[in-house]
Amino acid sequence: MAKEFWIGDIKSGSYDGEEVELKGWIHRTRGSNKIRFVVVRDSTGTVQCVAKRDSLSEQDFQRISEALIESSVVVRGIVQATDREHGHEIQVTHATVIGPVNPERPFPITESAMVEADGGETEFLLDNRHLYLRTGRMTTMLKIRSSVFGAIHSYFRDRDFIEYQAPNFVSGAVEGGSTLFEVPYFGRKAYLTQSWQLYAEAAMPALERLYTMAPSFRAEKSRTRRHLTEFWHAEMEIAWASNDDVMEHGEGVVRHIANTILEDRESELENLGRDLETIGRFADSDYPRMRYDEAVETLQSKGVEIEWGQDLDYSKEKILTEDFEVPHFLTHYPRIAKPFYHRPDPDDPKYVLCHDLLAPEGYGEIIGGGERTWSEDEILERIGEEDTPTEPYEFYIDIRRYGGVPHGGFGLGVDRVCTWLAGAEHIREAIPFPRDSRRVTP
RNA sequence: GCCGACAUAGCUUAGUUGGUGGAGCGGUGGACUGUUAAUCCACAGGUCGCAGGUUCGAGUCCUGCUGUCGGCGCCA
């Protein structure tokens, strides 16, 4: 039963002249009543199978001729290298349809649906996401996504970080409670986590270097091409570290991701029309760093209306990224613009020791992080500034009461990184079943 | 939360000043021995998102609703 032959290997010439048994799905089919051209797909590619009427039994020829797009088939035949545009093809000797498609309900995703959608974001394709997954564009995207996930794991594991898991049901927020999903919890209220961070800080004195990749949930009614309500969050926390140390890892992991997909997913990137030199630049360059004050001056010199102390929203980030060809950091935001867990800069407590990493080409923020407020006095002062009650944060304060140390970390939006590196139009293209404020199905 | 669009066959869409809704793809039947989104002929397929209203007459004009898309804010 196990599958022995893969289209990717057939196309690379491993079986020229040999007989193979091909298991896959019909991608396209055409031809006459004497010869049928059936393009078969598997997870590694597509290959044209040529079924000549007199080369296989009448029954097999009939079956393969009648099978509709997305029928699953087992085809046996001889691999032949050709000069035709599609390269290798298979001269069919036997054909069986395993899972047929009923002509009364043909595969709904047609050329017209694909061509028109381009990025794949029509309502129809979103409603049929479970079927859209098997199209070329989505398959390619999922392969790149897998490599991005793998690269994040290998980056941290190669540097002796410990993978550590936090609960997804939580009782409080990391920041502003308005964006929490509330779920009933045996007569009480619980919430879906927005971030691993608070729980990571609890384990920081135990593990010192830790990371995770897990879903985070934000109940924001965001309607943009960079937001999901459920997204994959790669987070790290490191003891004995400054803002600069954390940034080194942020730059390191993003460059490692770019390097990995360049190495493992070159053809997939090209399929999506991504320029490899551009990705190479993301992989090899140093990422510039700019302080908030400098960013405000730059914006003001460009005629943008902004006052010191305002947070930098997306429209302003976008203007800043125009000056860069690679990701760049923005650091040292005003204390008043950032939540309590960011540590004030001892050199100038008007600022906090934080950073955002902005992707170029208009993709915007992919990392947010910084040094944490780590002493008991400072954390109480910072929480006090926000008029936040301290009770929900008792465990967080405890971490500072028992041997606090300088530490920091960041959160990386994995789906955003996939969107950016793949050159996709919308974050929905980069995740199999996107969740936003208007869609939880399929 | 705010702003702006859109909704016609399974899909992608055309539809003029309001006068019996067309096409391409997909499907079915037929032709064709090398096709590349194959081609050619024929057929089937429509409560024009829903509910009201204006009118002799509404896919088309008006109101409301629903759904979807795009943008802002928020952020990863």
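Just the heavy atoms: all of them, side chains too, but no hydrogens, waters or symmetry mates, feed the values below. Chain A is the first sequence line, chain B the second, and so forth, proteins listed ahead of strands; every chain is numbered from 1.
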> Which listed nucleotide (C75(B), U12(B), U33(B)) is nearest to the side chain of S32(A)?
Replying inline: U33(B)
> For Q48(A), which contact category applies under a 4.0 Å heavy-atom criterion: base, sugar-phosphate, or nothing?
Replying inline: base
>> Between A23(B) and G45(B), how many Å separate the two C1' atoms, rounded to a whole number?
In response: 14 Å
>> Centroid distance below 5.5 Å plus an interplanar angle below 30 degrees: do F231(A) and A76(B) meet both conditions?
In response: yes
> Mind checking whether W420(A) and F282(A) have parallel, tilted or perpendicular rings, split at 30° and 60°?
Replying inline: tilted
> On RNA chain B, nearest-nucleotide positions of N33(A) versus L68(A): which is more 5'?
Replying inline: L68(A)
> Under 4.0 Å between a side-chain N or O of K221(A) and OP1 or OP2 of G1(B)?
Replying inline: yes
> Taking the C1' atom of each, how far is C62(B) from U55(B), in whole Å?
Replying inline: 12 Å
> Base, sugar-phosphate, or nothing: which does E89(A) touch, judged by heavy atoms less than 4.0 Å apart?
Replying inline: base
>> Could you tell me if R291(A) sits above the aromatic ring of Y351(A), with its cationic atom closer than 6.0 Å to the ring centre and no more than 45 degrees from the axis?
In response: yes
> In whole Å, what is the span from the CD1 atom of I319(A) to the C1' atom of C72(B)?
Replying inline: 14 Å
> Mind checking the P distance from C43(B) to C25(B)? Whole angstroms is fine.
Replying inline: 15 Å
> Using the P atom in both, what is the distance from U12(B) to G70(B), to the nearest Å?
Replying inline: 14 Å
> Nearest-Å distance, CZ (R223(A)) to P (C75(B))?
Replying inline: 19 Å
>> What contact category does D356(A) fall into here, base, sugar-phosphate, or nothing, at under 4.0 angstrom with non-hydrogen atoms?
In response: nothing
>> Applying a 4.0 Å non-hydrogen cut-off, can you work out what R225(A) is touching in the nucleic acid: base, sugar-phosphate, or nothing?
In response: sugar-phosphate
> Where the side chain of T110(A) is concerned, which of U33(B), C11(B), A76(B) is the nearest nucleotide?
Replying inline: C11(B)
> What does G34(B) pair with, Watson-Crick or G-U, if both distances are under 3.5 Å?
Replying inline: none
> Within the structure shown, what part of the strands sits under 4.0 Å from T224(A) by heavy-atom distance: base, sugar-phosphate, or nothing?
Replying inline: base
> Tell me, do Y341(A) and Y396(A) make a side-chain contact under 4.5 Å, heavy atoms counted?
Replying inline: yes
>> Suppose we define a pair by two distances each less than 3.5 Å, Watson-Crick or G-U wobble; what does G46(B) pair with here?
In response: none
> Between G73(B) atom P and R218(A) atom CZ, what is the distance in whole Å?
Replying inline: 17 Å
> Roughly, in whole Å, what's the span from CD in E425(A) to P in C69(B)?
Replying inline: 16 Å
>> Does G70(B) have its OP1 or OP2 closer than 4.0 Å to a side-chain nitrogen or oxygen of R428(A)?
In response: yes
>> In whole Å, measure the gap between the C1' atoms of G49(B) and U66(B) for me.
In response: 8 Å
>> Can you measure I109(A) atom CD1 to G27(B) atom P for me and round it to whole angstrom units?
In response: 14 Å
> In Watson-Crick or G-U wobble terms, both distances under 3.5 Å, what is the partner of A5(B)?
Replying inline: U68(B)
>> Give me the atom names and distance for the closest heavy-atom approach of G309(A) to P334(A).
In response: CA-CG, 3.7 Å
>> What is the distance, to the nearest angstrom, from the CD1 atom on I64(A) to the P atom on U33(B)?
In response: 20 Å
> Which part of the nucleic acid, if any, lies within contact of L228(A), taking any heavy atom under 4.0 Å across all strands shown: a base, the sugar-phosphate backbone alone, or nothing?
Replying inline: base
> With distance as the sole criterion, do the side chain of S222(A) and the base of C74(B) form a donor-acceptor contact below 3.5 Å?
Replying inline: yes
>> With rounding to the closest Å, how many angstrom separate the C1' atoms on U60(B) and G19(B)?
In response: 11 Å
> Where does the angle between the aromatic ring planes of F149(A) and W232(A) fall among parallel (under 30°), tilted (30 to 60°) and perpendicular (over 60°)?
Replying inline: perpendicular
> A76(B) P sits how many Å from L180(A) CG, rounded?
Replying inline: 13 Å
>> Is the ring pair F410(A)/F156(A) parallel, tilted or perpendicular, if the boundaries are 30 and 60 degrees?
In response: tilted
> Using the C1' atom in both, what is the distance from G21(B) to U47(B), to the nearest Å?
Replying inline: 14 Å
> How is G31(A) classified with respect to the nucleic acid when contacts are heavy atoms under 4.0 Å: base, sugar-phosphate, or nothing?
Replying inline: base
> With a 4.0 Å cut-off on heavy atoms, is I367(A) in touch with a base, just the backbone sugar-phosphate, or nothing at all?
Replying inline: sugar-phosphate
> Is the phosphate of G73(B), meaning OP1 or OP2, less than 4.0 Å from a side-chain N or O of S315(A)?
Replying inline: yes
> With sugar-phosphate meaning primed atoms plus P, OP1 and OP2, does R36(A) contact a base, only sugar-phosphate, or nothing at under 4.0 Å between heavy atoms?
Replying inline: nothing
> Checking ring-ring contact (aromatic ring centres under 6.0 Å, His included) for the pair F5(A)/Y15(A): CA distance, chi angles, key distance, verdict?
Replying inline: CA-CA 9 Å; F5(A) 301 96; Y15(A) 300 108; 5.0 Å; yes
> Among U33(B), G73(B), A76(B), which is the nearest nucleotide to the side chain of D313(A)?
Replying inline: G73(B)
>> With rounding to the closest Å, how many angstrom separate the C1' atoms on U68(B) and U8(B)?
In response: 16 Å
> R226(A) or E104(A): which one's nearest nucleotide on RNA chain B is closer to the 5' end?
Replying inline: E104(A)
> Cation-pi between K350(A) and W308(A): NZ/CZ under 6.0 Å from ring centre and within 45° of the ring axis?
Replying inline: yes
> At under 4.0 Å between heavy atoms, what does H227(A) touch on the DNA or RNA strands: base, sugar-phosphate, or nothing?
Replying inline: base
> Is E70(A) touching bases, backbone alone, or none of the nucleic acid, heavy atoms closer than 4.0 Å?
Replying inline: nothing
> Using a cut-off of less than 4.0 Å, is there contact between a side-chain N or O of R30(A) and OP1 or OP2 of A38(B)?
Replying inline: yes
>> From the set C69(B), C75(B), G34(B), return the single nucleotide nearest to any side-chain atom of L126(A).
In response: C69(B)
> Can you find a side chain N or O atom of H426(A) that sits less than 4.0 Å from OP1 or OP2 on G70(B)?
Replying inline: yes
> Once you round it to whole Å, what is the distance between C1' of A76(B) and NE2 of H233(A)?
Replying inline: 5 Å
>> Could you tell me the Watson-Crick or G-U partner of U16(B), where both distances fall under 3.5 Å? Say none if there is no partner.
In response: none
>> What's R105(A) touching, base or sugar-phosphate or nothing? Going by heavy atoms closer than 4.0 Å.
In response: nothing
> Taking T44(A) for the side chain and G8(A) for the main chain, is one N or O donor matched with an acceptor at less than 3.5 Å?
Replying inline: yes
